[in-house]
Number of protein chains: 2
Amino acid sequence: METKTALTVLSGLAQESRLGIFRLLVEVGHQGLFAGEIATRLEIPATTLSFHLKNMSGAGLVVSERQGTSIRYSANFDVMNGLVSYLTANCCGGDLNACAPK
Amino acid sequence: METKTALTVLSGLAQESRLGIFRLLVEVGHQGLFAGEIATRLEIPATTLSFHLKNMSGAGLVVSERQGTSIRYSANFDVMNGLVSYLTANCCGGDLNACAPK
DNA sequence: TTTTTGTTTCCATAATTCTAGAATAATGGA
DNA sequence: TCCATTATTCTAGAATTATGGAAACAAAAA
């Protein structure tokens with residue numbers, strides 16, 4: 001993952017509403033949730049939610065699929081895992097143990 | 001890690017200068033760098049750097065130690081690892097394999 | 001004490017981001 | 001076609017964040 005992408009992903013998560021959306025979708029798993037369900041569960045106005053979902057889609061954090069009048073959103077786990085790799089890459093000049101969790 | 005903390009940490013990383021600072025400190029490892037060295041290497045004005053380092057200190061992303069007139073900054077690996085754990089916790093309703101890297 | 005080096009705080013400006021109402025669009029059923 | 005449902009775009013105001021120069025501050029050396 002490139003730095004520019006990592007920044008976009010981090011910005012996509014560094015906001016209360018969006019982090020809540022992402023965590024909810026991560027917990028739900030691959031089947032995801034309809035936009036309306038997310039709005040109801042998190043008590044976010046539809047327009048505000050749409051603003052954040054657009055941001056997250058652009059960052060690749062979520063993927064969407066239309067089903068009739070509804071749109072199903074789910075977390076993109078690959079991007080999350082890529083971010084984790086990015087943050088821990090090139091750690092400590094190659095000494096992997098130096099920054100590993102204890 | 002609590003959601004509020006995770007948000008602070010994510011915000012601490014979701015900015016071009018700060019991500020650059022963090023990555024540099026991660027690569028350097030535990031010995032860290034003096035503020036002036038960071039400013040020189042990344043070509044960031046001292047006042048701007050100080051602003052960001054203060055932000056990152058508050059988020060726990062870096063720790064500092066004065067040595068004479070200089071201040072040495074180094075990455076806090078525990079916080080980074082905590083963030084990684086937070087993001088992957090409670091994934092897929094407990095089905096750990098569902099969101100693991102392939 | 002005065003000077004020098006390194007860093008931070010203060011401040012004004014600029015830029016970005018968040019919020020949510022009104023209007024608009026897309027889908028599918030009657 | 002008309003209507004109900006669901007979701008998005010447009011818009012503008014509010015709030016937050018970033019930038020960098022001037023000044024202040026801290027520590028060590030002259």
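All values derive from a computational prediction rather than experimental measurement. Chain naming here is simple, since letters A, B, ... match the order of the sequence lines and numbering starts at 1 in each.
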Novice: Within the side chain of B:Ser50, is there an N or O that forms a donor-acceptor pair under 3.5 Å with the backbone of B:Ala46?
Specialist: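 Looks like no, no N/O pair under 3.5 Å.
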Novice: Does anything in residues 9-22 of chain A reach DNA chain D, meaning a heavy atom under 4.0 Å, and if so which residues?
Specialist: none
Novice: Within the side chain of B:Arg18, is there an N or O that forms a donor-acceptor pair under 3.5 Å with the backbone of B:Gly12?
Specialist: yes
Novice: In whole Å, what is the span from the CG atom of B:Leu49 to the P atom of C:dG6?
Specialist: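 Those two atoms, CG and P, are 14 Å apart.
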Novice: On a heavy-atom basis, which atom in A:Leu87 and which in B:Met80 lie closest, and how many Å separate them?
Specialist: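 Looks like O-SD, 3.3 Å.
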Novice: List, by chain and number, the other hydrophobic cluster members for B:Val84, where Ile, Leu, Val, Met, Phe, Trp and Tyr join if side-chain heavy atoms come within less than 4.5 Å, directly or indirectly.
Specialist: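 Joined to B:Val84, directly or through intermediates: A:Val84.
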Novice: Under the rule for salt bridge (Lys or Arg N to Asp or Glu O under 4.0 Å), what residues qualify as partners of A:Glu27, not counting sequence neighbours?
Specialist: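 Per chain and number, A:Glu27 pairs via salt bridge (Lys or Arg N to Asp or Glu O under 4.0 Å) with A:Arg23.
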Novice: Give the first and the last nucleotide of DNA chain D, reading 5' to 3', that has any atom under 4.0 Å from a heavy atom of chain A.
Specialist: D:dT5 to D:dT9
Novice: Tell me the interatomic distance from A:Ile71, atom CD1, to C:dA25, atom C1', rounded to whole angstroms.
Specialist: 11 Å
Novice: Looking at every non-hydrogen atom in both residues, tell me the closest pair between B:Val9 and B:Val79 and how far apart they are.
Specialist: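 Shortest heavy-atom separation between B:Val9 and B:Val79 comes out as CG2-CG1, 3.6 Å.
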Novice: NA contact type, B:Phe34, heavy-atom cut-off 4.0 Å: base, sugar-phosphate, or nothing?
Specialist: sugar-phosphate
Novice: Out of B:Ile44, B:Asn55, B:Leu49, which residue meets the side-chain contact (heavy atoms from CB on, under 4.5 Å) rule with B:Ser17?
Specialist: B:Ile44
Novice: Report the distance from atom CG of B:Leu24 to atom CD1 of B:Ile21, rounding to the nearest 0.5 Å.
Specialist: 8.5 Å
Novice: Which heavy atom of B:Ala35 sits nearest a heavy atom of B:Leu53, and at what distance?
Specialist: CB-CD1, 4.3 Å
Novice: Please answer whether the main-chain N or O of B:Leu7 pairs with a side-chain N or O of B:Ser11 as donor and acceptor at a distance below 3.5 Å.
Specialist: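 Flag set: sc B:Ser11 to bb B:Leu7 pair under 3.5 Å.
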Novice: Scan A:Ala35 against the nucleic acid and name what it touches under 4.0 Å (heavy atoms): base, sugar-phosphate only, or nothing.
Specialist: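 Contact class for A:Ala35: sugar-phosphate only.
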Novice: Heavy-atom contacts under 4.0 Å between residues 53-70 of chain A and DNA chain C, which residues?
Specialist: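 Hits under 4.0 Å, by residue number: A:Arg66, A:Gly68, A:Thr69.
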Novice: How far apart are the closest heavy atoms of B:Leu13 and A:Leu10, and which atoms are they?
Specialist: O-CD1, 3.6 Å
Novice: Please find the pair of heavy atoms, one from B:Ser74 and one from B:His30, that lie closest to each other, and give the distance.
Specialist: CB-O, 3.6 Å
Novice: Of the non-hydrogen atoms in B:Arg66 and B:Thr69, which two are nearest, and what is the gap between them?
Specialist: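 What the structure gives for the nearest pair is NH1-O, 3.6 Å.
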Novice: Among residues 36-45 of chain A, which residues get a heavy atom nearer than 4.0 Å to DNA chain C?
Specialist: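 When residues 36-45 of chain A is checked for heavy atoms under 4.0 Å from DNA chain C, the hits, listed by number, are A:Pro45.
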